[in-house]
Number of protein chains: 2
Amino acid sequence: MKDITPKLISLFKKGYATPQLSRVAKKLQEPSTTLHYNIKKLEQEGAIKTYKAVFDYKKIGEGYCVFVLITLSPDEYGDPERIGNELVKHPEIESVDVITGDWELMLKIRTKDQDAYYDFVKNVISRKGITKIKTLTSLKQLKTEFVEL
Amino acid sequence: MKDITPKLISLFKKGYATPQLSRVAKKLQEPSTTLHYNIKKLEQEGAIKTYKAVFDYKKIGEGYCVFVLITLSPDEYGDPERIGNELVKHPEIESVDVITGDWELMLKIRTKDQDAYYDFVKNVISRKGITKIKTLTSLKQLKTEFVEL
DNA sequence: TATGTTTTCGTATGATATTCGAATATTTAT
DNA sequence: ATAAATATTCGAATATCATACGAAAACATA
């Protein structure tokens, strides 16, 4: 056994997919060359960043999902993007937003289980610059990435 | 002009893409037939829900992004999934989660601008069953759907 | 160790995207 | 308004690619 699956998941999480021209052509009843032209234009304009897979995250060992609200320390408060751009690197993090209101950053994180999340908090989130976090645990995901579950 | 673009965006938001076998094969240095077998298995198991595009949402007229924390009325509190499953239908909503803590539901919503969001709140969110909402506006998106921006 | 099942992977085939060029539509300049 | 430049549509030919198939290997089960 080669166990290619985790490698596939890792690739498809961010890309390595492509539009299915023939299905689109059938659906929209337009010539595929015209669609091709329009799609390439969207890609070149940067309107489309990538094509990727959406998973049933429970089935790929990432069933635990949380939102993390982050309060930055006074010295980091002025530049939330600095810490945000470090967090972005971690594969467990689905999204990072600088936000308004009572907190400075919002993360969406997926891990295997609560234990794995606790490790992640210890190793990644509990660092200088982050004063306090509030974790909102997802009990049930009804829709993600525009895809109904 | 046919203005196919909005139709394409609508389709690619949820699907109409497919794995790019040849690129994966080159990347992983594995025979494409073996990869094909493994990918089909993931799809049949339901581990992969769909393949879709990730956009630069500013460039497709959905630059305004917010997180909405929802407090349900006492009579709806026991079954947050009911209202959640109604919300799921709206194309502006990227994700819907039932959550723990001070609120019952968490939404991620994308609209053109603040005006469009206000309309959305009036028409969709301000309804019986939803007592109170707290909107956290995204000032800057650093990562979304596992894709760095 | 034998038997059934799953996984790998080459070959052949069918399906599909992409290129190209011409026609049409749209925008821009005068 | 008209012409010129540019952008978009789309059919035909080509090149690329995914998929079906079958054989061999790996793995699991008894």
How long is the line joining [atom1] of [X] and [atom2] of [N], in whole Å?
| X | N | atom1 | atom2 | result |
| --- | --- | --- | --- | --- |
| A:E43 | C:dA17 | CD | P | 12 Å |
| A:Q29 | D:dT9 | CD | C1' | 16 Å |
| B:I4 | D:dA7 | CD1 | P | 17 Å |
| A:Y16 | D:dA18 | OH | C1' | 18 Å |
| B:L42 | C:dT7 | CG | P | 11 Å |
| A:E45 | D:dT8 | CD | P | 8 Å |
| A:R23 | D:dC17 | CZ | P | 20 Å |
| B:L28 | C:dT8 | CG | C1' | 15 Å |

Problem - Short side-chain donor-acceptor distance under 3.5 Å, A:Y117 and A:T137 - result: no

Practice task
Would you tell me whether B:E43 and B:Y51 have side-chain atoms, one donor and one acceptor, within less than 3.5 Å of each other?
Solution key: yes

Exercise for the section: Indicate whether OP1 or OP2 belonging to D:dA18 is found under 4.0 Å from a side-chain N or O atom of B:H36. Expected result: no

Problem - C:dT7 OP1/OP2 closer than 4.0 Å to side-chain N/O of B:N38 - result: no

Shortest side-chain distance from [X], nucleotide among [options]:
| X | options | result |
| --- | --- | --- |
| B:K40 | C:dC9, D:dT19, C:dT18 | D:dT19 |
| A:Y37 | D:dC10, D:dA7, D:dT19 | D:dA7 |
| A:K2 | D:dA18, D:dC10, C:dT8 | C:dT8 |
| B:L21 | C:dT8, C:dA17, D:dA18 | D:dA18 |

Practice task
Kindly work out whether a path of hydrophobic side-chain contacts (I/L/V/M/F/W/Y, heavy atoms less than 4.5 Å apart) joins B:Y57 to B:F12.
Solution key: yes

Exercise for the section: Would you kindly compare A:Q20 and A:D3 by the position of their nearest DNA chain C nucleotide and give the one closer to the 5′ end? Expected result: A:D3

Problem - A:E30 and B:K2 ion-paired at < 4.0 Å - result: yes

Handout entry: Carboxylate-amine/guanidinium contact A:E145 B:K49, below 4.0 Å
Key = no

Practice task
Report which part of the nucleic acid B:T33 touches: base, sugar-phosphate, or nothing (heavy-atom distance under 4.0 Å, all strands).
Solution key: base

Practice task
Pick base, sugar-phosphate or nothing for A:T34, based on heavy-atom distances below 4.0 Å to the nucleic acid.
Solution key: base

